[in-house]
Amino acid sequence: MKTKKKEKIHPQRPSWDEYFIDITHLVAKRSTCLRRRVGAILVKDKKILATGYNGAPSRLEHCLDIGCHREKLKIPSGERHELCRGLHAEQNAIIQAAYHGVEIRGATLYCTNHPCIICSKMIINSGIEKIIYEEGYADTLAREMLRESGIQVEKFSRKRRRVNS
């Protein structure tokens with residue numbers, strides 16, 4: 001039977017949360033959205049299960065190439081998600097896991113931004129147990145539904161450096 005070792009604190013070595021949040025920023029660099037670059041990763045037992053960034057579905061032209069449909073329609077951020085060519089990073093991470101047959105029940109979602117209401121509903125039904133995000137997002141209903149679902153939601157802060165093993 002394995003005993004859990006306590007992680008030693010080394011100033012130059014990131015905590016697990018910091019490590020995974022940093023990876024979400026690398027993933028976000030693949031985004032093809034003109035408005036916001038978002039990255040997400042699904043993690044379980046310190047292993048990355050799937051990644052996702054926001055952009056148009058496979059085999060479709062990207063907003064980087066043809067322009068932003070939402071900008072043309074002057075739709076404010078956080079409204080009318082259905083009027084967008086792109087999928088959100090969280091959606092793409094969940095879809096990639098499903099596409100490759102990777103079980104994500106019990107996983108933690110690390111994301112550069114707090115999930116919107118559409119992503120929150122997918123997260124709730126997919127069995128994800130925890131969300132760690134860095135930036136806020138103006139979606140009160142998403143916050144309420146995640147709270148009601150019992151999913152742990154935590155805002156990551158580099159100042160409050162939490163070292164975990």
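Note that these values count all heavy atoms, side chains included, but never hydrogens, waters or copies made by symmetry.
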Distance check, rounded to the nearest 0.5 Å: D22 atom CG versus E134 atom CD? 8.0 Å

Is the shortest heavy-atom distance from the side chain of T108 to the side chain of L42 under 4.5 Å? no

Please determine whether side chain to side chain contact (heavy atoms under 4.5 Å, CB included) holds for the pair I94 and I128, giving the CA-CA distance in whole Å, both sets of side-chain angles, and the decisive distance to 0.1 Å. CA-CA 10 Å; I94 291 168; I128 292 168; 4.2 Å; yes

Rounded at 0.5 Å granularity, tell me how far CE in M122 sits from CD in Q91. 5.0 Å

Roughly how far apart are R70 CZ and R85 CZ, rounded to 0.5 Å? 13.5 Å

Smallest separation among heavy atoms of E129 and I151, with atom names: O-CG2, 3.5 Å

Identify the two heavy atoms, one from C68 and one from L34, that lie closest to each other, and give their separation to 0.1 Å. N-CD1, 3.7 Å

Gap separating the CG atom of L26 from the OH atom of Y53, nearest 0.5 angstrom: 11.5 Å

Linking I/L/V/M/F/W/Y whenever their side-chain heavy atoms sit closer than 4.5 Å, directly or via other members, would Y110 and V153 fall into one cluster? no

So do L73 and R80 actually touch side chain to side chain, heavy atoms under 4.5 Å? no

Once you round to the nearest 0.5 Å, how far does CD1 of I117 lie from CG of L141? 3.5 Å

Answer whether the closest heavy-atom distance between the side chains of T112 and H25 falls below 4.5 Å. yes

Full working for side chain to side chain contact (heavy atoms under 4.5 Å, CB included) between F20 and I48: CA-CA 9 Å; F20 291 127; I48 297 172; 3.8 Å; yes

Please tell me if the side chains of H114 and K155 come closer than 4.5 Å, counting only heavy atoms from C-beta onward. no

Say you draw a straight line from CD1 of I131 to CD of E154; how long is it, rounded to the nearest 0.5 Å? 11.0 Å

Do the side chains of T32 and D65 get nearer than 4.5 Å, heavy atoms only? no

Decide yes or no on side chain to side chain contact (heavy atoms under 4.5 Å, CB included) for Y19 and R13, but give the supporting numbers first. CA-CA 9 Å; Y19 172 71; R13 191 167 189 228; over 6 Å; no

Checking side chain to side chain contact (heavy atoms under 4.5 Å, CB included) against H88, which of C111, C33, C116 comes through? C116

Is there a side-chain contact between N54 and N92, using heavy atoms and a 4.5 Å cut-off? no

Kindly indicate whether the side chain of I21, heavy atoms from C-beta on, has any atom under 4.5 Å from the side chain of R158. yes

Indicate yes or no: at least one non-hydrogen side-chain atom of K130 is less than 4.5 angstrom from one of V43. no

If only atom types and distance count, is the side chain of R37 paired as donor or acceptor with the main-chain N or O of S31 below 3.5 Å? yes

